[in-house]
2 protein chains.
Amino acid sequence: MLAYRAQPNPDAMLDRALAGVIASGGSLGDSQPRQVEFFSPNAQIYAQGDRATALYQVEYGVVRLFRLLSDGRRQICAFHVAGEVFGFADGQHHLFAEAVCDAAVRVFRGPIREDKSLLTLAMRELVRAQDHLLVIGRQTACERIAAFMVDLYDRLGHEQHFELAMSRTDIADYLGLTIETVSRVFSKFRSKGYIKLHGTRGVDILQIEALRGICA
Amino acid sequence: MLAYRAQPNPDAMLDRALAGVIASGGSLGDSQPRQVEFFSPNAQIYAQGDRATALYQVEYGVVRLFRLLSDGRRQICAFHVAGEVFGFADGQHHLFAEAVCDAAVRVFRGPIREDKSLLTLAMRELVRAQDHLLVIGRQTACERIAAFMVDLYDRLGHEQHFELAMSRTDIADYLGLTIETVSRVFSKFRSKGYIKLHGTRGVDILQIEALRGICA
DNA sequence: CGGCCATTTGAGTGTATTCAAAGTCGGTGG
DNA sequence: CCACCGACTTTGAATACACTCAAATGGCCG
């Protein structure tokens with residue numbers, strides 16, 4: 001999981017935004033504004049319905065945000081890796097947040113200060129969700145997997161090799177597929193020489209342009 | 001389309017937010033900060049790639065926001081009705097915005113002022129997108145249509161009768177289905193007595209609780 | 001009233017799912 | 001260090017749901 005470890009954040013705006021998150025009204029002595037919390041795999045960070053009182057930044061590891069139907073069907077709305085901010089919600093959380101693997105999360109508690117940069121971060125999250133809508137609503141299984149691989153490749157710094165933090169079940173629930181379909185497409189891409197699989201989590205990207213082409 | 005006409009906005013916060021959108025730096029004489037623009041059916045309000053320089057509030061009519069794939073596949077991310085605000089984007093628009101029917105849109109130009117209420121509006125939009133992800137990613141055709149009908153029913157003020165501003169094609173592209181499937185499910189719901197159809201756009205909701213039950 | 005376009009309905013197909021079984025990986029304990 | 005166990009993953013076969021293609025119907029506007 002080396003690829004998911006925190007790296008120096010290239011986005012200066014993000015730091016400015018988070019520096020301004022804490023309202024100055026509270027006593028600094030009581031709250032620890034930049035406390036880091038640690039989570040084991042599958043540990044819950046917050047639940048749907050919880051009051052939204054903080055923002056979170058992934059320090060290392062991976063976090064999944066998801067919704068559930070009453071019969072257990074799950075839709076993962078987003079994975080977040082080191083440096084990314086999550087927890088945007090109006091009043092109460094509509095999503096569950098869990099650690100995918102061992103993860104550390106920096107928690108920004110207290111009332112949120114008005115901040116244009118914070119709005120920008122929320123809007124980026126919105127764009128991500130809208131992009132994901134297109135993938136899930138209008139793309140085939142192969143296109144979805146290709147888009148997923150390309151997205152990870154880009155977000156993890158264009159490393160040819162990386163480890164998937166998430167299981168096939170997580171990937172399936174992210175892409176609106178079944179684990180069997182995910183597995184079949186992985187095998188197909190392997191047989192075509194686009195990727196190479198090392199055990200169950202390791203991935204080599206052999207033909208990134210081919211994968212980009214599949215995304216349409 | 002009466003149901004889509006502007007109504008007194010029940011959400012005081014929204015007005016406060018928009019009142020604060022315009023930065024005080026600009027000359028009031030030059031810019032018309034609350035200009036209303038009118039659009040014919042299918043007229044473009046902005047395009048993907050356009051610089052995002054304004055926010056928009058629907059005065060009357062319906063607006064669709066969508067993304068396109070190079071081969072023409074379309075995913076409508078949201079419909080917006082009277083009173084709702086759209087146009088959130090970081091730098092440039094990632095979506096197209098078009099009028100579904102005759103529509104009027106109030107445009108708020110100028111640099112966006114930092115505003116907590118604005119952040120709240122953006123987060124609501126995010127929640128809508130995330131809810132939609134679950135519908136598209138994990139629900140059947142019947143569940144998607146039921147969710148769509150219930151959503152419209154709730155947003156248009158619980159009127160038993162309303163007119164659909166959007167075509168079957170629009171509905172299909174919103175729900176990640178084909179027009180034929182949309183039509184079949186409409187017919188199915190009609191034969192079950194959940195809804196009644198008047199021509200091609202008119203809808204009577206006969207058993208809203210049955211529809212809510214289908215959404216799971 | 002006529003023509004055009006959107007919608008509905010029908011028949012057959014295909015992609016992804018379900019159900020089932022085999023295989024592989026990773027972790028644990030001897 | 002190796003063997004075993006359990007869980008996850010892969011593969012296979014059959015099914016189902018939604019899609020494609022096609023034709024008929026219906027609504028709307030001139």
Side-chain angles (χ1 to χ4, degrees), chain A residues 1 40-42 64 69 71-75 100-102 135-149 163-192 195-203 214 216, chain B residues 1 40-42 64 69 71-75 100-102 135-149 163-192 195-203 214 216:
Chain A
M1 320 270 149
S40 305
N42 304 313
R64 61 175 166 251
L69 289 170
D71 62 4
R73 280 176 288 176
R74 182 177 71 157
Q75 177 64 47
V100 172
C101 52
D102 279 308
V135 173
I136 286 183
R138 286 295 179 213
Q139 296 200 261
T140 65
C142 287
E143 289 169 339
R144 297 184 206 193
I145 299 284
F148 174 71
M149 302 295 271
E163 298 284 321
L164 296 170
M166 58 292 283
S167 67
R168 298 291 184 269
T169 301
D170 280 332
I171 297 171
D173 285 349
Y174 180 64
L175 297 175
L177 300 170
T178 59
I179 56 172
E180 293 93 333
T181 298
V182 171
S183 182
R184 275 182 248 272
V185 176
F186 270 47
S187 298
K188 182 178 175 182
F189 284 175
R190 176 169 43 77
S191 74
K192 290 207 173 193
I195 61 174
K196 191 173 174 185
L197 298 171
H198 300 270
T200 176
R201 300 294 178 102
V203 179
I214 291 172
Chain B
M1 323 268 148
S40 305
N42 305 313
R64 61 176 167 250
L69 289 171
D71 61 4
R73 280 176 287 175
R74 183 178 71 157
Q75 177 64 46
V100 172
C101 51
D102 277 309
V135 172
I136 286 184
R138 285 298 178 210
Q139 297 200 259
T140 64
C142 287
E143 289 169 339
R144 296 183 207 194
I145 300 284
F148 174 71
M149 301 294 272
E163 298 284 321
L164 295 170
M166 58 290 284
S167 67
R168 299 291 184 270
T169 301
D170 281 333
I171 297 171
D173 285 350
Y174 179 64
L175 297 175
L177 300 170
T178 59
I179 56 172
E180 293 94 333
T181 298
V182 171
S183 181
R184 276 182 247 274
V185 175
F186 270 47
S187 298
K188 182 178 174 183
F189 285 176
R190 176 168 45 76
S191 73
K192 289 207 173 193
I195 61 174
K196 190 172 174 186
L197 298 171
H198 299 271
T200 176
R201 299 294 177 102
V203 179
I214 292 171

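Below, chains carry the letters A, B, ... as their sequence lines are ordered, and counting in each starts from 1. Basis for what follows: all heavy atoms, side chains included, without hydrogens, waters or symmetry-related copies.
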Minimum-distance nucleotide to A:Thr181 side chain [options: D:dC19, C:dA16, C:dT9]: C:dA16
Sugar-phosphate, base or nothing in reach of A:Gly176, heavy atoms under 4.0 Å: sugar-phosphate
Closest listed nucleotide, where the reference is the side chain of A:Arg201 and the choices are C:dT7, D:dT11, D:dT9: D:dT9
A:Arg73 side chain vs B:Arg138 backbone, donor-acceptor pair below 3.5 Å: yes
Toward the 5' end of DNA chain C, by each residue's nearest nucleotide, A:His198 or A:Val182: A:Val182
Residue pair B:Leu177, B:Val185: steps toward the side chain to side chain contact (heavy atoms under 4.5 Å, CB included) verdict: CA-CA 11 Å; B:Leu177 300 170; B:Val185 175; 5.9 Å; no
Listed nucleotide nearest any side-chain atom of A:Ala141, set C:dA16, D:dT20, D:dT10: C:dA16
Side-chain touch A:Phe186/A:Met149, heavy atoms, less than 4.5 angstrom: yes
Interatomic distance, A:Arg73 CZ vs C:dT17 P [rounded to whole Å]: 13 Å
Listed nucleotide nearest any side-chain atom of A:Ser187, set D:dT10, D:dA18, C:dA16: D:dT10
Among D:dA18, D:dT11, C:dA16, the nucleotide that comes nearest once only the side chain of B:Leu177 is considered: D:dA18
Whole-Å gap separating P (C:dA16) and CZ (A:Arg144): 7 Å
Note, B:Ser167 side chain near B:Arg201 side chain (heavy atom, < 4.5 Å): yes
Residue B:Thr169, side-chain heavy atoms: nucleotide from C:dT7, D:dT10, D:dT20 that is nearest: C:dT7
Integer-rounded Å distance: C:dA16 P and A:Leu175 CG: 12 Å
Rounded distance (Å) that lies between atom P of C:dA6 and atom CG of B:Asp173: 14 Å
Rounded distance in Å - CD1 (B:Ile179) to P (D:dT20): 10 Å
Touch class at under 4.0 angstrom, heavy-atom based, for A:Arg190 against every strand present: sugar-phosphate
Residues B:Asp173, B:Arg64: salt bridge by 4.0 Å N-O rule: no
Minimum side-chain heavy-atom gap B:Arg184-B:Phe189 below 4.5 Å: no
Touch class at under 4.0 angstrom, heavy-atom based, for A:Thr200 against every strand present: sugar-phosphate
Residue A:Thr178, side-chain heavy atoms: nucleotide from D:dC28, C:dT17, D:dA18 that is nearest: C:dT17
Among C:dC19, D:dC21, D:dT9, the nucleotide that comes nearest once only the side chain of B:Glu180 is considered: D:dC21
Rounded interatomic separation in angstrom, taking CZ from B:Arg168 and C1' from D:dG27: 12 Å
Integer-rounded Å distance: C:dA16 C1' and A:Lys188 NZ: 12 Å
A:Leu164 CG to D:dC8 P, straight-line distance once rounded to whole Å: 16 Å
Base D:dT20 paired with B:Arg184 side chain (donor-acceptor, <3.5 Å): yes
